[in-house]
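Accompanying notes for the structure given below.
From a predicted model like this one, the values you see are computed outputs, not experimental measurements. Per chain, numbering begins at 1; letters A, B, ... match sequence-line order.
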Number of protein chains: 2
Amino acid sequence: MGRIEDLRRFNRTVSTRIGVLHDRFLGRDRPLGEARLIYEIGEAGAELRDLRARLELDSGYLSRLLRSLEKQGLVAGGAAEDARVRRVALTPAGLAELAELDRRSDDLAQSLLAPLDEKQRAKLVAAMNEVTHLLAASSLTIEAAPADSGDAKACLASYYAELQSRFDAGYDPAKGAPTDAAQFAPPRGIFLLARTLGRTIGCAALRTWAPRVGEVKRVWVSKEARGLGVARRLMDAVETHARGFCFKTLRLDTNRTLTEAQALYRSLGYREIARYNDERYADHWFEKRL
Amino acid sequence: MGRIEDLRRFNRTVSTRIGVLHDRFLGRDRPLGEARLIYEIGEAGAELRDLRARLELDSGYLSRLLRSLEKQGLVAGGAAEDARVRRVALTPAGLAELAELDRRSDDLAQSLLAPLDEKQRAKLVAAMNEVTHLLAASSLTIEAAPADSGDAKACLASYYAELQSRFDAGYDPAKGAPTDAAQFAPPRGIFLLARTLGRTIGCAALRTWAPRVGEVKRVWVSKEARGLGVARRLMDAVETHARGFCFKTLRLDTNRTLTEAQALYRSLGYREIARYNDERYADHWFEKRL
DNA sequence: GAATTTCTCTGACTAACGTCAGAGAATGGG
DNA sequence: CCCATTCTCTGACGTTAGTCAGAGAAATTC
C-alpha cells in the first residue's frame, strides 16, 4: 500500500537530511558516542546503570567512554547511596560542552528552517510536532513496576501535584488513600507504568478491594502525552491483569473536576454507582463487570 | 523561540526512534556502509563518481566496499563510455538483496504503524509526507551545470516527455527551439539545475536573445517537487544571472496548456506581449524589465 | 555468615569506518 | 603531442564502535 511507500521515503529523507546532519552537528570534534553520553548525563547527572540501559551500551564500553570524558575534565563521578553503583555528573566544563551541543542542535534546526518562507516554516513545525507526538504513541510500552521504584514515585509526585492544582479544595496525599506499595504488588495488585522513548509518561494501579473485586487507582498521564490514547491503553492493561487476578468486578472513584477521566471510564463500559468507600476526594464512583 | 525547541525534540525522537531502528533493520547481517551502497546503486546501476558524490564517500573506501560486494557476488561492474569511470550494477543476487533491504524497510514502517489505530495512522502518514516534502524544499539548491551534462539531459528528457503528454498536438523536441548546449553556457547564457537531497528535480535555462535581451527557456519542475516554490526559486536565480549578464529585459514563451506557468510568470512581474519569435509550440509571450 | 546477585572496571579482541598519499589509466584542451 | 585534469585503485594508517570473559567490591538473600 501507498502508506508503506510514504513511510519508506520519510525514513530515507529524514535519516539522510536529519540523521546525518544531526550526527555531524553533534559530533563535530568529538566521537558521537561521547557526545550522546554527555547529552544523556544531562544537567542532573545520572547513574551508570541508567545510562547503560538508556543508551544500550556494554558496561565495559560505557566505562571507557566515561574515563575518556573524565580525562577531558567534562565529567566527575562519586558513588551513589548504593555503593555498587556510580553516579556521574557534568563538571562546569562538561555543562559548557552540553550547552555547546544544544547550540549545535539549534543550528541544525535553523539550517532546516532558514531556506523556507514563513508559511512553510509554520507547516513544517506543525507537521514535525505531529510526527513526534504520534511516534511517541507508537513506541508506547506498558509494564509493571514496584510502586516504590524511582520512576513510579516520580510519576505519582506529578500526579499528586496535578490533583493539588485541579481539585477545588487542593489535594494532600496524606489524607487520600493509603499509599503503601505492597497493596499494589502481586499477589494483591499491580502497578503499571507507561513509557515512550525511555521516558515515563503515565501510570495506573490496581489493588484488591474485596474478594473478586479490584479497585483501580492512580490513573494518570503526563500533560505532553495526552490525546494519544495512553490512558485507554493503561486501562486495557489494567483489565488484562485484573482478569489474571480473577477479579470479576472493577471499581474506581474520581473527583468531579476530572471530567475527561469520567468520560473515559464511561466509554470503557464503567457505570456510575453509589459511594462504595469513604475517600474524601471522591465525588463519583464507577464499576465495571469483567 | 518555541519552534527551535520543537525541532530539537523532533530530531531526538526521530533519530532515536527511526534512525536507530533504520540502521538496525537495514544492516542486520551486513555492515551499514554496504547496505547503503546497495541501496544507492539501485536497480538501474550507477557510476562510481555519482555514488561517491551521493554518499560522500572517500574514493578508496568506496572502492573497497565495492570489492567486498563483488566478492559476495552482489555487484558486477564494467566500464562506462568514459573509460575512466566505472559503472556498476547489481547482479541477480544483488537485486535479491536490495529487495530484502526494501522488505526490512517496510517492516520498520509496519512496526511504527502497527501500534496505532486507523485514525492515528492516517494522521502520521500525512504528517510524515508533509515533513518529507518540506525538508526537500529546505534542502533545495540551485546551481549551474552544462546543458549537455548527464543530469541536465535527464531533466530535459523528463521535460520533453511532459510536454509531449500535455500539449494538444504533442511535442517533438526536434521541431522546437534549437538545443545545442553552447547557447546555454556562459558567456551567452546559463543552464540551472535544482536539486534536493542529491536528486535533480528541476531546471531552467537562460540564453541571449538580442543585445541586452535574454530569453528564459526550459523551466521545468518534476511532479513530486511541485508546490514547494521550486519554480519561483529557479526564476529568481535566472534573474540574478540575467543581471550578471547585463540583460535589461527577459522574454519567454509558453504553451496555452501550461496554465500554472503562466500564472507564475505573471506573479513574478512578467507582462504578456505580442509574438516575438516563431516557436511553433508557443501560444503566449511574456516580457519583464529588470 | 555464606552464597548469590548486582554493578563496575579491565584486558584482549574484532569489525567497521574513515583518511591520506600516491600510482596508473584515460580524457580533454591547447 | 604535451600537459593538466579526472577517475579509480592500492597500501598504510588511525580512530571509533562494539563484544566477551573475568575480576573485584558491595549489597541482598537465605
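Along DNA chain D, the nucleotide nearest A:Arg84 and the nucleotide nearest A:Leu65 are compared for position; the residue whose nucleotide lies closer to the 5' end is A:Leu65. Comparing B:Arg64 and A:Arg49 by the nucleotide of DNA chain C whose heavy atom lies nearest to each, the residue mapping closer to the 5' end is A:Arg49. Along DNA chain D, the nucleotide closest to B:Tyr61 and the one closest to A:Leu57 are compared, and the more 5′ of them pairs with B:Tyr61.
Of the N and O atoms on the side chains of A:Glu34 and A:Gln72, at least one donor lies less than 3.5 Å from an acceptor on the other residue.
For the pair A:Leu48 CG and C:dC9 C1', the interatomic distance rounds to 10 Å; values are reported in whole Å. The CG-P distance, from B:Asp58 to D:dC9, rounds to 12 Å in whole Å. Separating the CD atom of A:Glu47 from the C1' atom of C:dC9 is a distance of 17 Å, rounded to the nearest angstrom. For the pair A:Leu55 CG and D:dT19 P, the interatomic distance rounds to 13 Å; values are reported in whole Å. If you take CD of B:Glu56 and P of C:dT19, they are 10 Å apart, rounded to a whole angstrom. In this structure, the CD atom of A:Glu34 is 13 Å from the P atom of D:dT15, given to the nearest Å. Regarding A:Leu37, its CG atom lies at a distance of 15 Å from the C1' atom of D:dG18, rounded to whole Å. One can place CD of B:Glu70 at 13 Å from P of D:dT8, the figure rounded to the nearest angstrom.
Closest to the side chain of A:Ser63, from the set C:dC7, C:dC9, D:dT8, is C:dC9. The side chain of B:Arg52 sits closest to D:dC7 out of C:dC17, C:dC20, D:dC7.
A salt bridge is absent between A:Glu40 and A:Arg36; no separation between the charged side-chain nitrogens and carboxylate oxygens falls under 4.0 Å.
When each of B:Arg188, B:Arg207, B:Glu215 is checked for a side chain to side chain donor-acceptor pair (under 3.5 Å) with B:Gln183, only B:Arg207 meets the rule. Exactly one of B:Leu90, B:Leu65, B:Leu95 qualifies for a side-chain contact (heavy atoms from CB on, under 4.5 Å) with B:Ile38. That residue is B:Leu90.
Phosphate proximity of D:dA26 to A:Arg86: absent, as no side-chain N or O sits under 4.0 Å from OP1 or OP2.
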Determine, step by step, whether A:Glu143 and A:Arg195 satisfy the salt bridge (Lys or Arg N to Asp or Glu O under 4.0 Å) criterion, reporting the C-alpha distance in whole Å, the side-chain angles of both residues, the deciding distance to 0.1 Å, and the verdict.
-> CA-CA 8 Å; A:Glu143 57 202 42; A:Arg195 300 179 208 265; 3.1 Å; yes
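Residue contacts for A:Asp82: at a heavy-atom cut-off of 4.0 Å it reaches the sugar-phosphate backbone alone, with no base atom in range. Residue-level contact check: B:Gly33 touches the backbone only, with heavy atoms under 4.0 Å from sugar-phosphate atoms and none from bases.
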